[in-house]
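Below is one structure; the comments refer to it alone.
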Amino acid sequence: MPELPEVEVTRLGLVDRLDGASVRAVRLGKPLRWPLGIAPQALVGARVGRVQRRGKYLWLPLGEAGGLLLHLGMSGSLRLEAAPTVTPAGPHDHFEMDTDRGRLRLTDPRRFGAVVWSRTMACAPAATLLGRLGVEPLSADFDGGVLHAGLRGRRMPIKPALLAGDVVVGVGNIYCSEALFEAGIDPRLPAGRLDPARCERLAAAVTDVLQRALAAGGSTLRDFRDVHGLGGEFQRQARVYGREGEPCPRCAGPVQRIVQGQRATYFCPRCQPG
DNA sequence: ATGGGTACCTGTCTGC
DNA sequence: TGCAGACAGGTACCCA
């Protein structure tokens, strides 16, 4: 997916344009990960509030009508098209919400994404999905201490441990490899073995990588688009992700690719000793 | 509690 | 050219 920067880029593109919009129609395409959980007509007439983000989830408040929890899965993106430019729904458009400010559309070829109705963020099903999420990496609450405390006792390698999202949210497969490279930490190191100094370096690297990605509009490997249909640029700045065999930008040795938990990890064995 | 594996689904690229 | 197989940004869930 869309990792945290891509979701935040999406949120930033929606928040002002949708704030106060009134819902005119809701249409569903093929089934997504879970059913919507409410009749689409029940949302007609609702007024949209300010879009929020928690981890990689977006929350679209709908006033009295509750709200929608959205996830972009692996291949999803949201577009907001103004009235004159609306295009017909394609085969991968699985959710559409017409408002007086334009049409919001979820395009998601792989359909790992989700749009789920919930009364509030604090009740099920939203609360269930959000309940296990760790700290927000771009908030003041996140630092090396949080990381160190959260990883204590874990024998799982740091790469999948960071990816799991229960200590810190939003660090997906690209940014995980990038942050570990920036911090000089071996992705295979057992998570609980990271000392406070390494945790401090890693927390700083996570924050830095995510902020730079956000500034670049996120990463577009294939599917991701912002609400205007534009791709992100961060993938060009990636130091190790997707660069197996290429020279490490620091030591010029070959970048290595390994598989951890069925996901590719890219790293430099010389610059990431532990 | 931790952690490993599986499942969901489609499109694209690689190698034979 | 055709086709099988690998691979892709995520994460809930089941089981050991």
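Everything numeric here is computed off the predicted structure, so don't read it as measured data.
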Euclidean distance for P, B:dT6 against C:dA6 (whole angstrom): 14 Å
Just checking A:Ala164: base, sugar-phosphate only, or nothing, at a heavy-atom cut-off of under 4.0 Å? nothing
Out of C:dA8, B:dG11, B:dG5, minimum distance to the side chain of A:Gln262 belongs to B:dG5
Hey, which sits more toward the 5' end of DNA chain B by its nearest nucleotide, A:Arg152 or A:Lys30? A:Arg152
Figure out the CG/C1' separation between A:Leu32 and C:dT11, and round it to whole Å. 15 Å
Tell me: CG of A:Leu221 to P of B:dG11, nearest whole Å? 18 Å
Send over the distance from A:Arg33 CZ to B:dA7 P, rounded to a whole Å. 14 Å
Ring centres within less than 5.5 Å and planes less than 30° apart: is that true of A:Phe112 and B:dC8 in this structure? yes
Contact class for A:Asp108 (heavy atom, under 4.0 Å): base, sugar-phosphate, or nothing? nothing
Kindly point out which of B:dT10, B:dG4, C:dC7 is positioned nearest to the side chain of A:Met156? B:dG4
Which of these passes side chain to side chain contact (heavy atoms under 4.5 Å, CB included) with A:Leu58: A:Arg53, A:Glu8, A:Gln52? A:Arg53
Has the side chain of A:Arg155 got a donor or acceptor atom sitting under 3.5 Å from an opposite partner on the base of B:dT2? no
Please check the phosphate of C:dG10 (OP1 and OP2 only) for any side-chain N or O of A:Tyr175 closer than 4.0 Å. no
State the pairing partner of B:dG5; accept Watson-Crick or G-U wobble contacts with both distances under 3.5 Å, and report none otherwise. C:dC13
Would you kindly check whether a donor in the side chain of A:Arg111 faces an acceptor in the base of B:dC9, or vice versa, at under 3.5 angstrom? no
Is any side-chain N or O of A:His71 closer than 4.0 Å to OP1 or OP2 of C:dT11? yes
Is the phosphate of B:dC9 approached by A:His92 (side-chain N or O, under 4.0 Å from OP1 or OP2)? no
Do A:Arg250's NZ or CZ and the ring of A:Phe181 fall within the cation-pi criteria of under 6.0 Å and 45°? yes
Without decimals, in angstroms, what is the distance between A:Arg110 CZ and C:dG9 P? 8 Å
Would you call A:Leu106 and A:Leu72 a side-chain contact if the rule is heavy atoms closer than 4.5 Å? yes
Which is more 5' along DNA chain B, the nucleotide nearest A:Gly153 or the one nearest A:Arg222? Just name the residue. A:Gly153
Please state whether the phosphate of C:dG9, meaning OP1 or OP2, lies under 4.0 angstrom from any side-chain nitrogen or oxygen of A:Arg263. yes
Where do A:Ile185 and A:Phe267 land on the side chain to side chain contact (heavy atoms under 4.5 Å, CB included) test, with the steps shown first? CA-CA 9 Å; A:Ile185 294 168; A:Phe267 74 114; over 6 Å; no
Using the rule that Ile, Leu, Val, Met, Phe, Trp and Tyr join whenever any side-chain heavy atoms are under 4.5 Å apart, tell me whether A:Leu151 and A:Val168 fall into a single cluster. yes
Same cluster or not: are A:Val171 and A:Ile258 linked, directly or through other Ile, Leu, Val, Met, Phe, Trp or Tyr residues, by side-chain heavy atoms under 4.5 angstrom apart? no
Taking CE from A:Met74 and P from B:dA7, how many angstroms apart are they, rounded to a whole number? 16 Å
What is the distance from CG of A:Asp166 to P of C:dT11, rounded to the nearest Å? 12 Å
Starting at CG of A:Leu58 and ending at P of C:dG10, how long is that distance when rounded to a whole Å? 15 Å
If you look at every strand shown and take non-hydrogen atoms under 4.0 Å, does A:Arg132 touch a base, only sugar-phosphate, or nothing? sugar-phosphate
Using the P atom as the point on both nucleotides, what is the distance between C:dC7 and B:dG5, in whole Å? 15 Å
Taking NZ from A:Lys56 and C1' from C:dA12, how many angstroms apart are they, rounded to a whole number? 13 Å
